[in-house]
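Step one of this worksheet: look at the structure below.
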Amino acid sequence: MGKVVVGLSGGVDSSVAAAALHAQGYDVIGLTLWLMKGKGQCCSEGMVDAAFICEQLGVPHHIVDSRELFQKEIIDYLVSGYEAGITPLPCSQCNKAVKFSPMLHYARETLETDTIATGHYARIRFSPENNRYQLLRAVDKNKDQSYFLYDLTQDVLRGTLFPLGEQTKAETRRIAQEFGLKTADKPDSQDLCLIEAHGTMRSFLDKYIAVSEGDIVDLDGKVLGKHSGIHHYTIGQRKGIGIAAAEPLYVVKLDPVMNRVIVGNRASAVSADCLVGRMNWVSIAEPTTPIRAQVQVRYRSPAVPVNVIPLENEQVKLVFDEPQFSITPGQAAVIYEGEIVLGGGIISGVTP
Ligand SMILES: Nc1ncnc2c1ncn2[C@@H]1O[C@H](COP(=O)(O)OP(=O)(O)OP(=O)(O)O)[C@@H](O)[C@H]1O
């Protein structure tokens with residue numbers, strides 16, 4: 001069956017991915033990327049649990065110190081994004097720049113194999129019609145992580161296995177019990193790994209970004225109150241604005257130049273279209289004419305019907321059938337056709 005390098009976080013999903021491939025006859029090698037200092041997944045606790053799983057399976061375990069890469073690609077990216085008034089999405093960036101490509105590189109250079117695997121819930125299949133590896137949603141729609149994987153390249157998809165893509169999370173837990181894995185009852189991670197390590201996004205960002213008080217204003221520029229730094233806010237946010245008003249107020253814009261948070265009613269936080277940059281076309285070649293599709297603008301948002309208009313420089317314009325609430329620069333817009341991820345990119349702005 002050949003050799004496969006399995007990315008082990010120390011959680012139940014990657015443990016089951018490794019155990020299942022091992023049971024199928026693969027030569028499994030566990031690989032844990034050390035991403036941050038501190039306890040928790042991706043950190044010291046995760047490394048120890050991953051080592052335990054490898055010992056249980058009787059397979060080698062490698063640890064690669066990736067803290068510098070994580071700092072540069074994720075922490076610096078987050079901090080500069082929040083300073084600039086956007087709400088960056090770290091997970092897709094981490095998958096692309098910290099996990100998949102570096103893991104595949106390590107597998108090729110050090111372990112002499114072209115195949116890696118992770119415990120992500122998504123599916124990959126080869127389409128002979130257009131000669132591309134396609135990315136699909138997982139069978140378990142509640143666990144589907146395809147949204148975070150839209151930025152993977154054909155080279156990475158060709159070399160990647162997702163052993164959990166066809167099963168539900170409940171089945172994964174049951175299989176973990178059957179294999180008697182130490183991680184079988186380990187709770188699911190609830191949040192971003194960074195947040196689990198730092199408490200809240202706010203406390204994480206406060207370590208890096210100085211408090212800088214400014215005005216909260218309405219759409220006409222009238223000052224309604226004070227904020228303690230635009231990085232504490234995100235588009236569409238309603239709670240925690242701290243201003244009494246006749247109707248609920250939402251954050252509709254963050255202005256880093258004037259250091260202002262702009263708020264308005266719900267109708268003003270709705271957009272008919274948006275621009276998306278840094279597009280990566282996954283399952284199809286870059287289209288040259290508009291296409292009909294569905295788009296997901298946040299991880300937990302439903303996919304909604306959209307016209308996708310290709311523009312120059314890896315950009316598209318999305319025109320929603322129904323205006324969408326809280327389109328947030330920095331988040332990913334992932335374009336689907338049913339189960340298939342056509343492509344995705346980063347929301348760069350909305351048309352006022
Ligand atoms: N530090 C790491 N080193 C190597 N692989 C990792 C690491 N963190 C995550 N992965 C891989 O990415 C997959 C998805 O990671 P994610 O952070 O979404 O965790 P998860 O869905 O809770 O999975 P798990 O239960 O395996 O932690 C994991 O199943 C694992 O294969």
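Taking the charged nitrogens against the carboxylate oxygens, Asp114 and Lys3 have no contact shorter than 4.0 Å, which rules out a salt bridge. A salt bridge between Glu178 and Arg174 is present, with a side-chain N of the basic residue lying under 4.0 Å from a carboxylate O of the acidic one. For the pair Asp13 and Arg173, the salt-bridge criterion is not met [side-chain N within less than 4.0 Å of a carboxylate O]. With respect to the salt-bridge test (charged N to carboxylate O, under 4.0 angstrom), the residues Asp220 and Lys222 do not qualify.
With sequence neighbours excluded, the residues that form a side chain to side chain contact (heavy atoms under 4.5 Å, CB included) with Asn142 are Asp140, Arg300. Partners of Ala269 by side chain to side chain contact (heavy atoms under 4.5 Å, CB included), not counting sequence neighbours, listed by chain and number: Tyr250, Val252, Phe325. Residues that satisfy the side chain to side chain contact (heavy atoms under 4.5 Å, CB included) test with Phe52, not counting sequence neighbours, are Gln56, Lys182. Under the rule for a side chain to side chain contact (heavy atoms under 4.5 Å, CB included), the partners of Thr115 that lie at least two apart in sequence or sit in another chain are Val4, Thr113, Leu161.
Annotation for Gln71: atom CD counts as buried by contact number, over 12 foreign heavy atoms lying within 6.0 Å.
Remark: the backbone N or O of Ala138 is paired with a side-chain donor or acceptor of Lys141 at under 3.5 angstrom. In terms of modelled atom types and a separation under 3.5 Å, the side chain of Ser283 and the main chain of Leu135 share a donor-acceptor contact. A distance-only check finds a donor-acceptor pair linking the side chain of Ser9 to the backbone of Gly11 [under 3.5 Å]. Between the Ser127 side chain and the Arg132 main chain, no donor and acceptor come within less than 3.5 Å of each other.
A donor atom on one side chain and an acceptor atom on the other are found under 3.5 Å apart for Arg125 and Gln134.
The list of ring-ring contact (aromatic ring centres under 6.0 Å, His included) pairs with a residue in residues 278-316, not counting sequence neighbours, reads Phe148-Tyr299.
Between Phe126 and Tyr133, the two ring planes are tilted [angle within 30° to 60°]. Aromatic ring orientation, His120 versus Phe100: tilted (interplanar angle from 30° to 60°).
Checked against Phe204 for a side-chain contact (heavy atoms from CB on, under 4.5 Å), the options Met201, Lys207, Arg202 give a single hit: Met201.
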Without placing hydrogens or testing angles, list every side-chain donor-acceptor pair under 3.5 Å for residues 333-340, not counting sequence neighbours.
unit_1 : atom_1 : unit_2 : atom_2 : d
Tyr336 : OH     : Ser146 : OG     : 2.9
Tyr336 : OH     : Tyr147 : N      : 3.3
Glu339 : OE1    : Arg123 : NH2    : 2.8

Residues Arg137, Asp144; criterion salt bridge (Lys or Arg N to Asp or Glu O under 4.0 Å); working and verdict: CA-CA 6 Å; Arg137 287 192 192 275; Asp144 174 44; 2.9 Å; yes

message: As a quick check of understanding, evaluate side-chain hydrogen bond (donor to acceptor under 3.5 Å, both in side chains) for Thr87 and Thr234, giving each step before the final call.
response: CA-CA 6 Å; Thr87 306; Thr234 184; 2.9 Å; yes

